[in-house]
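Report on one structure; see the data block that follows.
As a basis for the values below, the full set of heavy atoms in this structure was taken, side chains included, without hydrogen atoms, waters or symmetry mates. We name chains A, B, ... by the order of the sequence lines, and we start the count at 1 in each one.
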Number of protein chains: 2
Amino acid sequence: MPEPAPFAQVPLGQAPFAYDGLDRVMHERARLSLLTSLAAHPKPLAFADLKQLCGLTDGNLSRHLGVLEEAGLVEIHKGYEGRRPLTTCRLTQAGRERFVAYLAVLERVVRDAAEAARQGEGEPTPRPA
Amino acid sequence: MPEPAPFAQVPLGQAPFAYDGLDRVMHERARLSLLTSLAAHPKPLAFADLKQLCGLTDGNLSRHLGVLEEAGLVEIHKGYEGRRPLTTCRLTQAGRERFVAYLAVLERVVRDAAEAARQGEGEPTPRPA
DNA sequence: TCAGTGTACTTTGCATTGGAAAGCTGATGC
DNA sequence: GCATCAGCTTTCCAATGCAAAGTACACTGA
């Protein structure tokens, strides 16, 4: 029987605080940390360096790098230094661009929120209705 | 006694990019959005208002509010407006404080990252070694 | 030459999570 | 009095983060 969908909970109109620009891939502590590290170092960084810079375990780093590579944000190069494996990693151009765009959104979020927090700052606890 | 690691190319502090202060409860798009909305409005906000402000579905809103309440960041009051149920929500004092602290960390992250991104900006694609 | 330790990652396992859909409850309309 | 709607809650599933275990190779000492 053709009836209108009973579950139409569509987010309508404007949703001023819906931060769509906060890409899940980048909006994640570990990966945010990785991206910042990589952005700060124009030369490729080694696995071990990233691990230390970001305070991650081997497993987590491996996983997160995989996610970032999958998303096209970083390039991973597996080679050797002498006879030891050496994995290095750098931001792609697109990665840098997307990261910058993400940061712009995040900056806006911080400003919005800080202002919001300032507004209600001195407020006494509003009486519960 | 084993030698210290022979590779120390990068001036590493502890883990300069490990953003421990980014509390998972708050560092989440939907909840960040909710907290900002609540911070911006000193008076309690209704379920339906939050839903629109943050562009969330009923189910998601319910869930995220639950998480925030569990964490002690918000207080939820379930009452009636006339005969219709009306759920309202506001930041607790602790919630406001923790949110402000989180924002301070986030602000620092943004500054770090923006600076990092600026540094490597004009760089040509570094050739893989 | 071969156990043992170390380095450099990867893979696996698991509990948690976010989100869509379905469910529930009571009020209102027909 | 049955159907519909408003206002939330609960369920279900795929995806995720994280830790622990695993793999592979190099180097050291007996």
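- Across all non-hydrogen atoms, the minimal contact from B:C54 to B:S33 is SG-OG, 3.0 Å.
- To the nearest angstrom, C1' of D:dC18 lies 15 Å from NZ of A:K51.
- Considering only the side chain of B:D58, D:dC8 comes nearest among D:dC8, D:dA19, D:dG7.
- Side chains of A:L106 and A:M26 form no contact here, defined as non-hydrogen atoms less than 4.5 Å apart.
- Residue A:R84 places its side chain closer to D:dC27 than to any other of D:dC27, C:dC9, D:dC8.
- Of the candidate nucleotides C:dA8, C:dC9, D:dC18, C:dC9 has the atom lying nearest to any side-chain atom of A:L86.
- The CD1-C1' distance, from A:I76 to C:dA8, rounds to 14 Å in whole Å.
- Checking each of B:L65, B:T87, B:L56 against B:L50 for a side chain to side chain contact (heavy atoms under 4.5 Å, CB included) leaves exactly one that passes, namely B:L65.
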Show your working on side chain to side chain contact (heavy atoms under 4.5 Å, CB included) between B:E97 and B:Q93 and close with a plain yes or no. CA-CA 6 Å; B:E97 284 161 15; B:Q93 190 54 41; 3.4 Å; yes

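- A heavy-atom distance below 4.0 Å to DNA chain D is reached by these residues of residues 61-70 of chain B, ordered by number: B:S62, B:R63.
- Each of D:dG17, C:dT10, D:dA19 was ranked by its minimum atom distance to the side chain of A:F47; first place goes to C:dT10.
- For A:R24, the side-chain atoms get nearest to C:dG18 when compared with the rest of C:dC9, C:dG18, C:dT10.
- Scanning both residues, B:C89 and B:L38, for their nearest heavy atoms gives O-CD2, 3.5 Å.
- Regarding A:L50, its CG atom lies at a distance of 13 Å from the C1' atom of C:dC9, rounded to whole Å.
- The nearest whole Å value for the distance from the CG atom in B:D49 to the C1' atom in D:dA6 is 15 Å.
- In this structure, A:L34 and A:V74 have side chains that are not in contact, with every pair of non-hydrogen atoms separated by 4.5 Å or more.
- Ring geometry for A:Y102 against A:F99 counts as parallel: the plane angle stays under 30°, on a 0 to 90° scale with 60° as the upper cut.
- Atom CG in A:L45 sits roughly 15 Å away from atom P in C:dA8 (whole-Å rounding).
- Atom CD in A:E81 sits roughly 8 Å away from atom P in C:dA8 (whole-Å rounding).
- Taking the six-membered ring for Trp and thresholds of 30 and 60 degrees, A:H27 and B:H27 have nearly parallel ring planes, at less than 30 degrees apart.
- Only at 4.0 angstrom or more do the heavy atoms of residues 27-38 of chain B sit from any atom of DNA chain D, so none qualifies.
- Taking both residues in full, the closest heavy atoms of B:L45 and B:S37 are given as CD1-O, 3.8 Å, listed atom of the first, atom of the second, then distance.
- The OH-P distance, from A:Y80 to C:dT7, rounds to 18 Å in whole Å.
- Of the possible donor and acceptor atoms, one in the side chain of B:R31 sits under 3.5 Å from a partner among the backbone N and O of B:V25.
- Where A:P85 and B:P85 each meet DNA chain D at their nearest nucleotide, the meeting point lying more 5' is that of B:P85.
- Note: NZ (A:K78) to C1' (D:dT23) measures 14 Å, nearest angstrom.
- Of the side-chain N and O atoms in B:T87, one or more sit less than 4.0 angstrom from OP1 or OP2 of D:dC8.
- Across C:dC9, D:dA19, D:dA26, the shortest atom-to-atom separation from the side chain of A:N60 is found for D:dA19.
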